[in-house]
Amino acid sequence: MPLELVTLPALSDNYTYLLHDSDSGDTACIDVPEAKPILDELSLRGWRLTEIWLTHHHHDHIGGVDDLLAVHDAKITGAKADRHRLPPLNREVEDGDRFEFGGEAIDVLDVSGHTLGHVAFVAKGSGYAFTADSLMALGCGRLFEGTAAQMWDSLQKLAALAPDTLICSGHEYTQANARFAVTIDPDNPDLKARVDRISSLRDNNEPTVPSTLSDEAATNPFLRAADPAIQAHLDMLGAEPVDVFAEIRARKDRF
Ligand code: ZN
Ligand code: FE
């Protein structure tokens, strides 16, 4: 039985996720932009929150932790490298660590780039990767603290997961990402089809996340820096993928 996944919008364009194990009744929350939507969903479902997993230190990912802890006695997991700027951690993790939740192994990947110390949590058994502001639907996080090379490495780790992995990312930025993606990869039919799907989802106010890794591999320009059509379009045919990635990231910053 896969762990049950609930996707919740929060603040203006963030997402938070609940992961629930029906056998033990344990529930984890991944990132806490604000407490209210999480508290409402937990009481609606009659779930108790036992764990909070934090991906990185930005306020829109941790701002609701205190309000959540006021109601639920949850243990907090976050990056050891970020302990000085995260809420007090009960479990400090780093790249390659593995812990158990709901009878399933949860792998920790360092996915620095957006920040240093950004981690992703991967539940391989259920096929979920909580990537927050590293790999996003048709995008990747802006480089606030890390380098393009660090983000490229981080994306390669995520790209190596099973193709049907659900990428649970941190924001509803997909439509803006789509407008940019078509300027980088204009002749990609998979991208065109995905842009249409994204538009109809947003027209109905539906989330565009989670997405599948296979969709990202086929359409996300930040994962496709080795693609000859994209390289040719950027006048960078034969360049190192990391350099092509850096160019795509720089163009997005100016877009
Ligand atoms: Zn962030
Ligand atoms: Fe964010």
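Quantities reported herein were computed from a predicted structural model and do not represent experimental measurements. Order of listing sets the numbers, starting from 1, for every ligand and every atom in it.
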*How far apart are the C-alpha atoms of S211 and E216, what are their side-chain angles, what is the distance that settles it, and do they pass the side-chain hydrogen bond (donor to acceptor under 3.5 Å, both in side chains) test?*
CA-CA 7 Å; S211 54; E216 298 307 330; 2.6 Å; yes
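- Counting only heavy atoms from C-beta outward, the side chains of E51 and N90 never approach each other to under 4.5 Å.
- Side-chain heavy atoms closer than 4.5 Å link hydrophobic residues (I, L, V, M, F, W, Y) into clusters, and following such links, possibly through other members, connects F180 to F245.
- Distances from the Fe ion (ligand 2) to each N, O or S atom of D133 single out OD2 as the nearest.
- Note on ring orientation: taking the six-membered ring where Trp is involved, the planes of H114 and H118 are perpendicular (angle over 60°, cut-offs 30° and 60°).
- Listed by first and then second residue, the salt bridge (Lys or Arg N to Asp or Glu O under 4.0 Å) pairs that reach into residues 217-228 are D185-R224, R224-D227, sequence neighbours excluded.
- Because the distance cut-off is set at 2.8 Å, H56 fails to qualify as a neighbour of the Fe ion (ligand 2), as none of its N, O or S atoms comes that close.
- Of all the N, O or S atoms in D60, the one closest to the Fe ion (ligand 2) is OD2.
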*Going through the checks in order, is the salt bridge (charged side-chain N to carboxylate O under 4.0 Å, His left out) test met by D95 and K157?*
CA-CA 11 Å; D95 189 53; K157 290 182 198 176; 3.4 Å; yes
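- D215 has its side chain within reach of R197: a pair of non-hydrogen atoms, C-beta onward, lies under 4.5 Å apart.
- Between the side chains of H56 and E145, not a single donor N or O lies within less than 3.5 Å of an accepting N or O.
- The distance from the Fe ion (ligand 2) to the nearest N/O/S atom of H58 is not under 2.8 Å.
- Counting only protein N, O or S atoms closer than 2.8 Å to the Zn ion (ligand 1) gives 4.
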